[in-house]
Structure formats: structure tokens, C-alpha cells
J.: 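Structure in C-alpha cells, see below.
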Amino acid sequence: MRTLLHVRPEWRPMQSAIKPGLIVVLFGALAALVFSPVRGQTPQNFDTVQVKVLPVQGNIYMLSGAGGNVTLQVGKEGVLIVDTEFAPLVPRIMAEIRKLSRGPIRFIINTHVHPDHVGGNEALARLIPEDPTAPLKIIAHENVLKRMSKPAGKETPPPEPGLPMDEYFTPFKDLRFNGEAIFIYHEPNSHTDGDSVILFRGSDVVSAGDVFTPGAYPFIDLERGGSVEGEIAALNHILALTVPGHTQDGGTLVIPGHGRICDEADVVEYRDMVVIIRDRIREMIKTGMSLEQVKEARPTRDYDTEYVSPNSFVTSDRLVESIYKSLTRK
Ligand SMILES: [Zn+2]
């Protein structure tokens, strides 16, 4: 467990042969980048995807496969799951959950609308037996429900299983489950317009969704309401929720949307990267540079080795374009 926390930026996947746990996490991150969340495409072949569970701390586990990371909270009252990857992986996800708990799955929380995070909702909901005394609740910010719902016709269609019908529209929502206080915070216009960051207060774990993707540039989804200012605000909010351990390592642990388990120092480094690149692009815009000129100036150059790989979904040009457009749109 500790080795996961001591991985630093100079560390590269190719050097990882000695740490099997890390390979799994990194494979998940790479696979997730290959399987684009935007195009909504699913991997051609899920057969070879392994679903792995890592204990985080307290009641919390992280499960990785081919989509976004899944967070599990497990206890006497049952199971709460954050994000659901892709439908074909749900039987494997369920098998891993059942190794941890025979209790009912009571809550699904979705961090945002991308298919690699909500894709398994319906398949999972169908696997959960209906129990009026302990109904399944699917929670997300209302913008997630809006984007997942079919356009309203003349007749209101019956709600489909897997939709987050327990949506919230306030700045945050709280609940208590398995003896633990859980806070779900809306992070407005960050990665999308419907992102939630979840704090498990007793376990001292934050599930960050795609606001935070160590080893990969943030995907600021302008089409779905994302913005660079919201992205930075969300990262700062995660930092407000985390408390470092004695040696600056450990303390509150952060489960990212993709990639390895992190701590506050990792989020600081990531926030600083986004702020520095944003500032550089903002200065270039002030001097009247066009998007093409900014791309040619390569304002991300010194970060590319850390955040870009051959399979990266967000290339340096794509990041520059999203920040440029975010800063210049009316
Ligand atoms: Zn996403």
C-alpha cells in the first residue's frame, strides 16, 4: 500500500516491472485513455480486462478495470459504489464486490456523465434485487441526469433503470451510511457541468472523479459545460478537503478518476501544473496570439513527458485548445 503513495513524477510505467500492484493501476489508466470517454466508444474486447480491487483505507476500496476507477464503501449496512465502468464488466465488478460483502448494494453515486463512469449503471441496477425496505438509490448532480435522459417527448417515459433519479441540485448533499458521514460536493463547470467529488469523512478518503487524473492532462469537456477555471476551483476544493500525514505523505487518500491512489501532495502538484499552464496561455492571449500560435509556442512543453503518453486521450494540443477556448469564449 505504501509503495503506491511514494510514486513520484519521475517514475515511468516502463520501470514498473517490480511492482505488480502499480502495473494494474497504470494499466487501468492507460486502458481508460485508449477507450475514449468522449466518443463514448467501448473497448472492442472486454474479455481480457481484469477487474482488481485495492484496499484504500477505512471502509474504502478502489476497483480498477477498463473505465474510470470505481470506489467502494463497504460495511454492516451494505455497499455503496461510486461509478460503474462499462456494462460488460459489471459481472466481474459484482464478483469482486461479493468477495468483500454479501450485503445489499444500496447506493450508486456517479461522479459525472461520461460513459466510462456511468456505463455499468443499468446492468448493475438490473442485477440488484428489488427490496422496498432497502431500495437502490442512484445519486448524481442533476446535470448528469439531464444529459443521460432522453429528450422529453409528449408522454413522459417510464424511468429507465440505471438513471440517477436521486439527483441533487444543491451545492452539496450529505448522507450517512455504514456509520460514516459522506459528503457529495458539486464542482460546477470543471471537467463537465455535473461533476461530484465525494468525501468519506470517517475513512478519510476523497473520490475525485475525472477532475483529477494523475499522469494525464485534465480533459476539460467544453461541450458538456467544463471550464479551466472550474477545473482549478475543483482541485482547490479537493485540497481543502484533504489533510496530509505527518511526513506530508499519506493522510487523506484521493482516488482519482483514472490512475493510482494519491495523497494531498499529488493533488498539489497537479493543481500547480494546471494553474501554470493556464497562466501561460492567458498571458499569450493577452498579447493577441491566435490558438495556432499558442499551440506552436508549446506552453505545456516541460510537462509533456509526465502527462502525455502515446495513447493519451488529452494530448498537449488538445489541452491547450481547451484552455484557450475556455478563456476566450464569451
Ligand atoms: Zn470523464
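Every number for a ligand or one of its atoms is a count from 1 in the order of the listing. This structure is a prediction, so every number in the text was calculated from the model and none was measured. Sequence positions, counted from 1, serve as the residue numbers for this chain.
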J.: Tell me, please, which residues at least two apart from K99 pass salt bridge (Lys or Arg N to Asp or Glu O under 4.0 Å).
T.: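 Counting only residues at least two positions away or on another chain, K99 forms a salt bridge (Lys or Arg N to Asp or Glu O under 4.0 Å) with E96.
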J.: Is the CZ atom of R147 crowded by more than 12 outside heavy atoms at less than 6.0 Å?
T.: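 More than 12 within 6.0 Å, yes.
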J.: Give the name of the N/O/S atom in H191 that lies closest to the Zn ion (ligand 1).
T.: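 Closest to the Zn ion (ligand 1) among those atoms: NE2.
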J.: Any sub-3.5 Å donor-acceptor pair from R224's side-chain atoms to H112's backbone N or O?
T.: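 A pair under 3.5 Å: no.
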J.: Have a look at the Zn ion (ligand 1) and estimate, to 10 degrees, the angle subtended by ND1 (H114) and NE2 (H112).
T.: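 The two atoms form an angle at the metal of about 90°.
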J.: Output yes when a side-chain donor or acceptor of N178 lies under 3.5 Å from a complementary backbone atom of V79, and no otherwise.
T.: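 No.
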J.: If you check every N/O/S atom of D210, which is the one nearest the Zn ion (ligand 1)?
T.: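 Among the N, O or S atoms of D210, the one closest to the Zn ion (ligand 1) is OD2.
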